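Below: one structure, written as structure tokens.
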Amino acid sequence: MQSKETTVEAYMAQLPDERKAAMEQLRALITHHLPAGFQEEMSYGMIGYVVPHSLYPQGYHCNAKLPLPFMNLASQKNFIALYHMGMYADQSIMDWFTTEYTKTGSSKLDMGKSCMRFKKMADIPFELIGKLASKMSVEQWISCYENAFVKSKK
């Protein structure tokens, strides 16, 4: 479910009351912990944290007109979703996160390749997500992205 909102502020304003506090807290933690260089904007109908074209002119390999995505935060129909491309591309970050998540006492982690789904707001490991946001610099993400996703030119 993608939002048609064009600004993060408008996206946040349209959230249902039962999700608003959790989304505000997640957004605050992510923006506080995210290393310099990432930019917050609407991306794929969600709140996105991207590497802007000013730092990575090539853009995203699926659509070079878009900046390189890193993290996304969304309020979906039945859950809050957090997407972290770095975990998908770097197994050590995935391993760290899943190990640390088990220590939170939250319910079983509902996770796809890069997407975590939180159906109960009480199960969101806010501080852990803040730490996750800080795990990779822009430079590290670009290097990891290029190694994992960009096909070599031959």
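Not measured: the values here are computed from a predicted model. Basis for what follows: all heavy atoms, side chains included, without hydrogens, waters or symmetry-related copies.
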Measure the [atom1]-[atom2] distance between [X] and [Y] for me, rounded to the nearest 0.5 Å.
X	Y	atom1	atom2	answer
Ser114	Tyr83	OG	OH	7.5 Å
Leu15	Arg27	CG	CZ	10.0 Å
Thr31	Met71	OG1	CE	10.5 Å
His61	Leu66	NE2	CG	11.5 Å
Ile80	Met121	CD1	CE	4.0 Å
Ile129	Ser134	CD1	OG	12.5 Å

Run through Leu73, Asn72, Val8 and flag the one making a side-chain contact (heavy atoms from CB on, under 4.5 Å) with Ser43.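 It is Asn72, the one option of Leu73, Asn72, Val8 that forms the side-chain contact (heavy atoms from CB on, under 4.5 Å) with Ser43.
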
What pair of heavy atoms forms the shortest contact from [X] to [Y], and how long is it?
X	Y	answer
Leu34	Ala133	CD1-O, 3.4 Å
Pro67	Tyr60	O-CB, 3.8 Å
Tyr11	Gln14	O-NE2, 2.8 Å
Asp123	Ser107	OD2-OG, 2.7 Å
Met87	His84	N-ND1, 3.0 Å
Pro69	Met85	O-CG, 4.1 Å

I'd like to check the side-chain contact (heavy atoms from CB on, under 4.5 Å) partners of [X]; sequence neighbours left out, ordered by chain and number.
X	answer
Cys144	Ala89, Asp90, Met136, Trp141
Gln25	Leu29, Phe126
Leu55	Val51, Pro52, Val138
Pro16	Glu18, Arg19, Ser75

Shared ILVMFWY cluster between [X] and [Y], side chains joined below 4.5 angstrom?
X	Y	result
Met12	Tyr49	yes
Phe79	Met111	no
Ile142	Val50	no

Return each pair, listed once, that meets ring pair (Phe, Tyr, Trp, His ring centres under 6.0 Å) where at least one residue sits in residues 87-111; pairs must be two or more places apart or across chains.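 Listed by first then second residue: Tyr88-Phe149.
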
Of all pairs that satisfy ring pair (Phe, Tyr, Trp, His ring centres under 6.0 Å), the ones with a partner from residues 21-42, not counting sequence neighbours: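 Pairs touching residues 21-42 that pass the test: Phe38-Phe70.
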
Heavy-atom check, side chain of [X] versus side chain of [Y], under 4.5 Å:
X	Y	result
Glu146	Gln58	yes
Leu132	Ile30	no
Thr6	Met42	no

Hey, are Gln140 and Ser143 close enough side-chain-wise for a donor-acceptor pair under 3.5 Å?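 Short answer, no.
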
Do the side chain of His53 and the main chain of Tyr56 share a donor and acceptor less than 3.5 angstrom apart?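 Pair absent, no side-chain N/O of His53 close to backbone of Tyr56.
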
Tell me if a side-chain donor or acceptor on Lys20 pairs with a main-chain N or O of Ala13 at a distance below 3.5 Å.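 Such a contact is found between Lys20 side chain and Ala13 backbone.
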
Run the side-chain contact (heavy atoms from CB on, under 4.5 Å) check on Leu82 and Leu26 step by step: do they pass? CA-CA 9 Å; Leu82 178 72; Leu26 283 166; 5.7 Å; no

